[in-house]
Structures are given as C-alpha cells and as structure tokens.
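Encoded as structure tokens, the structure appears first; notes follow it.
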Amino acid sequence: MGQRIPLQEQPDTTAPIRVVVVGNGMVGHHFIDQLTAQAETGQVVVTSVGEESRLAYDRVHLTDYFTHRRVDDLMMAADEDYQRLGVTAHLNQKVIAVDRAARTLTTDGGLVLPYDILVLATGSSPFVPPIEGRDRQHCFVYRTIEDLQAITHAAEGARSGTVIGGGLLGLEAAKAVRDLGLATRVVEFAPRLMAAQVDDDGGALLREKISDLGVEVLTGKATRCIEDGEQYRHRLRFDDGDTVDTDLVIFSAGIRPRDELARAAGLALGDPGGVLIDDHCRTSDPRIYAIGECAHWQGRCFGLVAPGYAQAKVAVDHLLGGDARFQGADLSTKLKLMGVDVASIGDAHGVTPQARRYTYSNPREGVYKKLVVSADHRRLLGAVLVGDATDYGTLQQYCLNAMTLPDQPESLILPALKGAAPGPTALPDSAQICSCHDVSKAAIRAAVADGAGSVAAVKDATRAGTGCGGCVPLLTGVVNEALEARGVEVSKDLCEHFPYSRQELFHLVRVGGIRGFAELLEKHGRGHGCEICKPTAASIFASCWNEYVLDDAHVPLQDTNDLFLGNMQKDGTYSVVPRVPAGEITPDKLIVLGEIARDFGLYTKITGAQRVDLFGAPVESLPAIWRRLVDAGFETGHAYGKSLRTVKSCVGDTWCRYGVDDSVGLAVALEHRYKGLRSPHKLKFAVSGCTRECAEAQSKDIGVIATENGWNLYVCGNGGMKPRHGDLFASDLDREQLIRVIDRLLMFYIRTADRLQRTSVWLGQLEGGVDYLRAVILDDSLGIGDELEADMARTLSGYRCEWARTLDDPEKLKRFRHFINDEGGDDHPRYVRERGQRRPARANERDGGAVIAS
Amino acid sequence: MNQNWTDVCDLHEIVPDTGVCALVRGEQVALFRPAGDDQVYALGNYDPIGGANVLARGLIAQVGARLTVASPLYKQHFCLHSGQCLERDDVAVPVYPVRLSNGRLAVGPARRAERRDDAA
Ligand code: SRM
Ligand SMILES: Cc1cc2nc3c(=O)[nH]c(=O)nc-3n(C[C@H](O)[C@H](O)[C@H](O)COP(=O)(O)OP(=O)(O)OC[C@H]3O[C@@H](n4cnc5c(N)ncnc54)[C@H](O)[C@@H]3O)c2cc1C
Ligand code: SF4
Ligand code: FES
C-alpha cells in the first residue's frame with residue numbers, strides 16, 4: 001500500500017490544502033460538490049480549471065438538447081454555488097503542463113496555479129478513425145454542447161445524415177439525426193449493433209427494430225474514405241468498394257481517455273491508455289488523483305458516469321483522511337433507443353467459466369431476453385433484454401446483491417410464469433437502488449424516516465434518481481413502500497374534498513356516468529367543494545358529456561371567466577374575443593368588429609394569436625355586444641376556457657410562393673373540428689405551409705407543417721413561461737391520418753393529464769416519454785385507439801357556440817347584470833384616453849386626479 | 001319593516017352555491033348562497049386586493065371548516081362569516097347581516113369586519 005500524504009507534512013498544518021481540479025465535467029464537478037460538503041471550514045481551498053466555455057453540464061442527457069434547445073436545462077454547476085462555497089473556477093483554460101517538482105500547473109491562457117493536491121478529471125475525447133476526408137466540413141463528433149449546436153446548424157438544409165459507429169452513443173446520435181428530420185443511416189464496423197452490450201441474437205433483433213423505424217443499418221462495413229458526393233455533400237467509400245452519399249457525418253466510434261497531460265508529466269499510464277490509479281484513485285504521484293473517464297483502474301477505463309462518481313467519492317474520502325476504496329462498478333445499462341428498450345446487465349456475454357444461459361425470444365412481439373447464471377443455477381451473473389426491459393430493475397438487483405434465484409430462473413423472463421419477481425419489499429436493505437449516486441435502499445428509508453414525504457423530497461435529500469434517471473421507477477416503489485410502512489398515504493389528491501387525482505376522477509365520472517357535482521361529491525367526495533375541484537369537475541363533465549357550461553347544475557362550478565364567457569380584466573370588466581379561425585377574416589367581418597368596438601367604446605387590440613380582442617365590456621353589456629357579433633356570423637373564441645384557443649396559420653400555398661400545401665384550409669378545418677373541446681389546460685395549434693414555419697407550429701401543443709409528401713405532426717410544444725419545442729411525432733400523414741392521430745392524442749391527454757397541466761408538462765411526466773406516447777397513439781399498444789376516437793367523436797358532436805346558446809335563453813341572460821336589484825352598473829372603473837382609445841386608470845392616476853371618465 | 005333592513009330579492013333568484021351582487025343604500029353587497037344551506041351570507045363586493053367590485057362573481061370554496069369565497073381576480077379566500085382574508089391577516093371585507101322572511105332576503109347595516117374567527 002503506497003503511503004498517504006500525511007497532513008502534517010504540510011509546512012503549516014492549519015493552512016488549507018490547495019486542491020486543484022483539472023476538468024470541470026460531470027465527475028470533476030461531483031468531486032468538488034462532495035469535497036466542499038465534507039471538508040471542515042478552512043480545511044481546503046478548491047480551484048477548478050476547465051477547457052470548455054461553461055461549468056459542468058449533464059452530458060448524459062446531452063441529446064435532450066435537440067428537443068429543448070436550452071443550455072440552462074443541462075447545467076449542473078452554477079457560478080453562485082461555487083462563489084458561495086469559495087470555489088474558484090477558471091473557464092476557457094486548458095491545462096497544458098504540470099510541473100510535479102514545483103507543484104504548479106500552467107494553462108494555455110498563461111495562468112500558473114500552485115497545488116498541494118491535484119485531481120485529474122479530464123474525461124475522454126471521441127475517437128475518430130484515421131479515415132481520409134474525416135476533417136471535411138459537416139463531419140462531427142458528439143460530445144459537447146458546441147458539437148450539438150454545430151450539428152443542428154448543419155442539419156438545416158441537409159436531407160440525410162450518417163452516423164459512423166453503431167454502439168450505444170452511435171444509436172443515440174442516430175435518433176437525434178432522425179428527430180432533426182433527416183434520412184438516417186448507421187454504419188457499423190462490427191457484424192452487429194451495440195457489440196459491447198448485447199449478444200448476436202439480441203443485436204439481430206435490435207437491428208430489425210431499428211430498421212423498421214426507417215433508419216438504414218449497415219453492419220460489417222469499414223469506411224475507407226469520405227469524398228465529394230453528387231446529390232449530397234459527401235460520399236462514404238467502404239473497404240468493399242460500396243458507397244453511400246450523405247450530407248452530414250457524425251463519428252461515434254468510441255472514446256479515448258484524455259491522458260495527454262499525465263503522459264507529459266511522466267505519470268504511469270494503463271494499457272492501452274488512461275491514467276493509472278490505485279484503489280484510492282491515486283496516480284503514481286501520491287499528490288495526484290485521477291477520476292472519471294480519464295482514469296485507468298485494474299485493466300480498464302469506465303465510459304459511464306456512475307463509476308466516475310464512485311471514484312470521486314473515494315478520492316474525496318481519501319484526501320480527507322479516510323480509507324475508502326474503489327471496488328469497480330456495475331456497468332449495467334438500460335436505455336430506450338428510438339422507442340426500443342435495450343438493457344444489459346453484468347456478464348451479458350456469459351464469459352464467466354461454466355456460465356449457463358436461459359433465453360426467450362418472441363419474434364412476433366420483437367422481444368428477446370437472456371439470463372446468464374452460475375453453474376449451480378443459483379446466482380444471476382448477467383442478462384440481456386431487447387424490446388422489453390421492464391424486468392431490468394429486478395434482474396439488476398438479483399445480480400448486484402447476489403440474491404438466490406428462484407428454482408426456475410426462467411420464471412423471471414417468461415411472460416406466462418410472471419409473478420415470481422420480487423417487489424421492492426423483497427430487496428435487502430443493502431440493495432443499491434441508484435447506481436449513479438450509490439444510494440442504498442437503507443439510505444432511502446432513512447431519508448423517509450427523516451421526513452422526506454415524496455419521491456421529489458427523497459431525490460433532494462439523497463440525490464437518488466437525479467443521475468441517468470433509470471432507477472426512478474424502482475426508487476418510487478421503495479419510497480412509496482417506506483411511506484406506507486410509516487402509515488403515510490401517498491397523496492395525489494386533487495384537493496381536500498376529493499381523495500383522487502384528476503385522472504382518477506375523470507375515470508370515475510366516465511365509468512359511473514356521473515353528470516353533476518352534487519352526485520360526484522356524494523359518491524366520491526366530502527364537504528362543499530372549492531375553487532379547485534369545482535372547475536375541474538366542470539371541465540371533466542364538459543370533456544365527457546360536452547354539456548352546455550351554463551346549465552344550472554354547472555353554473556356554481558365555473559370560474560367567472562367561464563360563467564360570463566369572457567376573461568375578467570383587472571377592473572372587473574370583461575374581454576370579448578370572437579373566433580377568427582386560422583386568422584382568416586373577410587373585410588366585411590373585420591368592419592363589423594370595428595363598428596361594434598366603436599359603438600361600445602371597447603379598447604381594441606390584435607392579439608398574439610391572430611385575432612382581435614375587445615377589452616373593457618361591463619358584464620351587463622356583454623349580451624348586446626355578442627348579439628351583434630353572433631348576428632354577423634361570429635362565434636365565441638373560447639379565450640376564457642381551458643379549451644382550444646386558436647389554430648394559427650400562415651398563408652401557405654394560397655398565396656405564398658414557397659407554400660407546398662394549403663395550411664389555411666387545414667387550419668380552418670382543425671379549428672372548426674376541435675373548437676369547444678374542454679381540456680385540462682388550454683390547447684393551441686398552428687399549421688405552417690412549408691418548413692420556413694411562419695406559423696411557429698413547433699411552439700404549439702399541436703403543430704403541423706406541410707411537406708412534399710403530406711403533413712408532419714409536432715406535439716406538446718408551447719410558448720409562455722417555459723417554452724418548449726414540440727417533438728416530431730409522425731411524418732408525411734394525409735389529412736385523415738393526421739386527424740385520427742390528433743383525436744387519439746388529445747383524448748388520451750384529456751383522460752390522463754393533471755389539472756392545469758399543459759401537454760408539454762404532461763408529456764414530461766409520462767413514463768417512457770414521447771416514445772411511449774407514440775406506442776400508445778400510433779401503434780395502439782394499449783388497445784384503446786378506437787375508444788379514444790369514439791369518445792372524441794361523441795364529445796365533438798355536442799358542440800354549439802356557447803354565446804349563441806346563451807343569447808337564446810332569457811333565463812341565462814338574467815345573470816348578466818351587475819346588480820340583482822338595480823339596472824345600473826359598477827361605478828368604480830375609471831378610464832384614461834391613450835393613443836386614441838380608453839384604458840383603465842392606474843392607481844396613481846386615480847389618486848392624482850388625472851383626466852378620468854367612467 | 002325596520003328602517004335598517006333593505007329588501008333585496010327572492011331567495012330563489014340566487015342559483016344555489018353561487019353569489020350575486022346587490023345595491024344596498026348605495027353600497028355594493030355580495031350575497032352568497034352555499035349549497036345545502038338555507039343560510040345566505042353577505043360581504044362587501046369590493047375586493048381590496050384586486051381593487052375591483054368582483055367578489056360576488058367568485059366561487060364558493062370550503063377551506064378546512066370555513067366557508068369562503070375565492071376572489072375571481074387573484075383567488076384569495078374571504079371567510080363568509082367574518083370577512084377575514086385567509087391569505088392576509090391584515091385584510092378583511094365588511095360583513096352584513098342577512099334576514100330571510102317569506103322567501104325574501106333583506107340586508108342590514110354593515111358590521112365592522114371582524115378578526116379571523118376560528119370558531120366558524
Ligand atoms: C390577449 C393576449 C395577449 C395579447 O394582447 O396578444 C393574451 C392574454 C392573456 N393571456 Fe396569453 N394572451 C395571448 C396570447 C398568448 C400567447 C401567444 C399565442 O397563443 O400564440 C401565449 C404563448 C403561447 C402558449 O400559450 O404556448 C400566451 C401565454 C399565456 C400563458 C402562459 C401559458 C404557459 O403554458 O406558460 C398564460 C397563463 C396561463 O394560461 O396559465 C396566459 C394567460 C393570459 C390571460 C388569460 C391572463 C388572464 O388570466 O387574464 C390573458 C387574458 C386576456 C383576455 O382577457 O382575453 N397566456 N398567451 C393573447 C390572446 C390570444 C388569443 O387571441 O386568444
Ligand atoms: C451523448 C452522450 C450520452 C451519454 N450517455 C450516458 C449514459 O446514458 N449513461 C452514462 O453513464 N454515461 C453516459 N455518457 C458518458 C458520460 O457523459 C461520461 O461518462 C461522463 O461525462 C464522464 O465525466 P468526466 O468528468 O470524466 O468527463 P467529462 O464530462 O468529459 O469532463 C471532462 C472535462 O474536462 C475538460 N478537460 C479535458 N482536458 C482538459 C485540460 N487539459 N484542461 C482543462 N480541461 C480539460 C473537458 O473539456 C471536459 O469539460 C454519455 C456521453 C455522451 C457524450
Ligand atoms: S404576457 Fe402577461 S400581461 Fe401580457 S397578456 Fe399575457 S398574461 Fe397578460
Ligand atoms: S441509477 Fe442513474 S439516477 Fe439512479
């Protein structure tokens with residue numbers, strides 16, 4: 001055992017230890033995080049030097065950047081935190097030399113930094129095979145935010161993309177290329193995909209599934225050179241003489257540890273590379289540690305984040321005087337590649353002597369599973385799952401905790417024999433639930449005992465589930481079990497009056513045929529109800545039965561906006577927003593709007609959603625205003641409802657020289673189809689006539705973009721507080737297919753979303769994300785497609801303009817008065833003229849006696 | 001009829017579980033008729049937080065043991081018994097006595113807003 005640097009060897013034992021960390025990536029940051037949390041005040045001063053332009057971000061979820069395009073969503077480290085912790089970070093500085101004798105390092109920006117302890121966390125660099133032409137423009141690697149930004153940029157105007165390398169990362173890159181809307185191809189040198197994780201049979205199935213998704217897969221192909229293409233930017237020439245053409249190339253052919261600094265400094269290296277470390281993560285120089293992907297331990301480097309985090313933990317402990325040892329790491333992985341579940345656990349290839357295998361393969365459902373067990377059939381050594389990875393958590397626990405297998409190990413993978421799998425209860429306390437942050441079942445139970453009352457709180461307290469996210473389902477199971485054991489009910493209740501989630505309540509209403517609030521309260525609730533459950537119930541009744549919102553029974557449930565069919569403004573008056581489908585309006589109708597606004601003195605504004613808003617109508621004048629609008633052929637615009645707002649459109653091929661299809665026509669049809677549909681939150685659509693996207697369809701709940709071959713559908717985007725681009729959900733649909741998909745998707749949303757949850761947030765919380773949603777909607781994996789369509793048809797058939805209906809009913813019109821016992825109106829509002837219109841006076845104008853009229 | 005009481009409307013003119021606004025001696029009074037309860041409550045119609053005459057158009061909401069109205073502007077709750085705002089200790093609206101006789105509702109003079117009454 002090498003000697004530790006005893007702290008007393010410091011010239012002054014009370015002086016802080018100067019720790020310098022090279023590389024502010026995931027592991028370097030984790031190290032700093034742990035060290036600053038564990039060191040005594042004044043024990044260490046930490047400096048971090050990073051070559052990238054920003055602090056550590058979540059590389060594991062890098063691909064999500066293509067969806068949200070928000071750097072902020074990926075950031076792990078924050079300037080403020082470092083400042084608070086007294087950590088100095090130098091960014092844009094590459095360390096180019098270490099002087100071990102002087103104990104200093106030098107950066108390319110000319111900084112010279114002294115250290116007592118140096119930590120190398122320099123990660124890896126992508127390996128680019130020495131192919132001629134690899135430096136051409138539009139050839140990329142896939143490692144940093146800048147790489148992804150460059151790829152996004154190059155994808156504009158490109159039609160096809162090729163990924164060289166069919167491993168885990170290569171397939172992830174291929175998914176991204178496909179989502180960018182390019183024809184996608186994967187070229188792999190080995191005879192199968194994901195050679196490192198799955199076996200031949202699993203690889204074959206994976207290949208089949210990925211080809212089915214429209215990605216071309218070439219295996220056993222060695223690329224010799226990249227040259228000019230004809231129709232496309234590049235041509236790839238293979239060793240066997242074949243060629244393929246493509247616009248964009250991404251290399252994903254493995255990674256190499258960044259050990260150049262260590263090499264130059266004369267530290268011992270591993271074979272074939274990486275900075276050699278001992279069990280304490282120390283290099284051949286006792287003052288220097290190496291952790292993460294750059295470190296080489298017992299014959300190998302680790303290309304996953306969890307082992308790096310474990311090494312960071314060990315290095316922190318050792319540096320502070322502890323004796324923790326790195327003991328290797330679990331390399332099990334589970335991921336969803338283009339909707340295909342793939343998992344590999346432990347000794348997936350069965351290389352352990354005398355290992356035995358059990359396999360199950362179902363070509364019809366596209367499922368392949370393999371167990372590798374010990375010679376006595378008692379221990380699980382490894383497993384491969386393709387097509388269905390639901391058993392991952394269970395199998396991994398058997399493997400990690402050396403639990404005794406059931407008498408028939410095959411029962412763990414055979415569908416008919418299911419039931420043998422233990423739930424969280426069966427796991428020992430020592431079971432590691434989250435491998436990214438090394439959190440055991442015992443630690444989770446302890447967090448619950450300390451008062452963490454939800455999965456979110458346990459995540460905060462233990463960090464479990466905040467790495468790759470793969471353990472969240474199991475974590476949820478353990479947390480809920482622990483809560484229940486403590487007599488805590490796991491609450492998804494809507495409010496104090498209903499012990500159900502919105503989704504459950506929807507189900508109860510639908511199945512029980514419940515049509516009124518009193519009945520709902522009596523059967524499933526308690527008390528009098530409140531401003532949360534009442535409108536929620538009203539919205540559910542409307543989605544299920546599409547009854548008139550102002551039926552007497554529903555009146556008490558409606559927010560004032562729904563009750564008076566207009567949005568209440570700050571002075572208690574209402575806004576009037578007639579529907580202008582797709583923003584298309586005849587001159588005559590436009591004139592009517594102007595006349596009405598003028599006659600009633602309404603402030604007039606073009607809204608951000610292609611229609612006209614008339615503000616400042618007192619409640620008692622709403623019926624007269626709407627009488628004139630309805631007579632002129634207008635309908636309510638539902639600006640007040642949690643329902644369809646507008647379907648925005650661009651002018652499309654009606655006039656635009658680039659339009660490839662009739663975006664206005666489709667938008668008008670969609671707006672008429674879904675108007676009046678009540679939903680958990682508002683719904684916005686848009687249709688663009690070509691990829692220039694003038695209608696901003698990708699920022700809508702439902703976005704449609706015309707292509708040469710039909711319509712591309714984007715879903716679950718929004719603007720507002722937290723903008724999100726929609727996901728490309730299906731391509732080249734004809735009008736009928738498009739409407740069926742939208743019908744199903746919206747009805748599924750209405751059934752399952754929480755109250756006031758927009759589609760983007762709903763999607764974010766769906767286990768399995770957009771791939772799961774595709775399976776349910778496009779592949780009908782739950783077998784509810786027909787039912788969703790039928791529900792939608794029934795709901796839509798009940799539509800009638802709420803204002804037209806109200807105007808026809810003298811009883812209903814009685815509500816539109818300010819006083820029950822007087823014809824007068826509210827005399828409180830005061831107005832100021834500005835730019836030719838009147839607007840409510842501000843408080844200071846009221847008090848200051850500015851020009852005011854009521 | 002006693003001078004202090006102002007006749008307002010028939011009970012059945014208020015849809016159960018909703019509110020209406022009445023003009024009482026020049027003041028705006030919000031009347032609420034909670035479901036399954038023949039009691040009618042009256043508060044000032046002016047929402048001091050939103051700064052507008054709107055409380056009658058809020059939803060009747062039960063919060064714990066208290067019946068309240070949730071302002072339609074920013075959703076603060078005002079206790080129907082005491083006028084107290086549940087979210088802000090320093091805010092309350094006036095409370096008016098209500099009398100029901102022969103199916104007619106009458107409103108009396110404002111009581112000064114009381115502090116939060118936990119007995120309610
Ligand atoms: C009038 C208008 C602004 C304007 O002058 O242009 C407007 C006005 C209001 N918006 Fe908006 N929004 C208006 C377009 C938008 C847009 C643009 C669009 O639709 O293309 C957005 C971003 C797109 C989106 O929603 O994804 C938008 C995002 C919001 C949000 C944030 C939603 C979110 O998910 O983050 C709210 C708050 C909410 O709904 O909870 C909101 C809420 C409101 C409310 C309802 C606030 C309120 O409760 O009083 C405003 C009511 C206006 C009224 O009385 O009619 N408004 N609002 C626009 C009316 C459009 C229409 O014709 O119906
Ligand atoms: C697209 C993608 C998907 C992935 N998915 C997964 C996954 O699902 N699960 C999983 O476990 N892992 C995944 N990984 C791997 C994971 O991201 C890495 O294991 C992890 O980031 C390693 O952390 P690190 O700190 O060792 O290296 P890095 O995060 O690469 O950080 C090293 C940092 O050091 C800097 N640096 C290097 N040399 C110097 C120098 N001389 N001077 C200054 N700075 C320097 C680099 O610029 C970099 O910022 C994925 C990786 C990618 C790219
Ligand atoms: S941005 Fe805010 S202020 Fe402007 S209309 Fe929307 S909600 Fe009102
Ligand atoms: S295993 Fe990765 S977050 Fe828990």
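Per chain, numbering begins at 1; letters A, B, ... match sequence-line order. As a basis for the values below, the full set of heavy atoms in this structure was taken, side chains included, without hydrogen atoms, waters or symmetry mates.
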As an exercise, state the distance from CG of A:Asn821 to CG of B:Asp10, rounded to the nearest 0.5 Å. 12.0 Å
Under a 4.5 Å cut-off applied to non-hydrogen side-chain atoms, are A:Asp827 and B:Gln28 in contact? yes
How long is the span from the CG atom in B:Leu59 to the CG atom in A:Leu557, to the nearest 0.5 Å? 8.0 Å
What are the two closest heavy atoms between B:Ala52 and A:Gly572, and how far apart are they? CB-N, 4.0 Å
Counting only heavy atoms not in A:Glu823 (residues, nucleotides, ligands), do more than 12 fall under 6.0 Å from its CD? no
Once you round to the nearest 0.5 Å, how far does CG of A:Asp571 lie from CG of B:Leu73? 9.0 Å
Using non-hydrogen atoms only, which part of A:Phe517 is less than 4.5 Å away from chain B: side chain, backbone, both, or neither? neither
A:Lys534 side chain to B:Ile60 backbone, donor-acceptor under 3.5 Å: yes
Heavy-atom closest contact (B:Thr18 atom, A:Pro556 atom, distance): CG2-CA, 3.7 Å
Quick one: does A:Lys814's side chain get under 4.5 Å of B:Val20's, heavy atoms only? no
Which bit of B:Pro16 is near chain A, if near means a heavy-atom gap under 4.5 Å: side chain, backbone, both or neither? backbone
Measure distances from B:Ala35 to the heavy atoms of chain A and classify the residue's part below 4.5 Å as side chain, backbone, both or neither. backbone
So, the side chain of B:Arg57 versus the backbone of A:Leu563: is there a donor-acceptor pair under 3.5 Å, distance only? no
Going by the side-chain hydrogen bond (donor to acceptor under 3.5 Å, both in side chains) test, name the single residue among A:Glu496, A:Glu531, A:His528, A:His497 that passes it with B:Gln62. A:His497
Do you know which of B:Gly50, B:Ala61, B:Gly19, B:Pro34 has the most heavy-atom pairs with chain A at a distance under 4.5 angstrom? B:Ala61
Any chance CD of B:Gln39 has more than 12 other-residue heavy atoms, nucleotides or ligands included, within less than 6.0 Å? yes
Does the side chain of B:Asn45 reach to within under 4.5 Å of the side chain of A:His818, using non-hydrogen atoms? yes
Out of B:Ala22, B:Pro72, B:Cys9, return the one with the most heavy atom pairs under 4.5 angstrom to chain A. B:Ala22
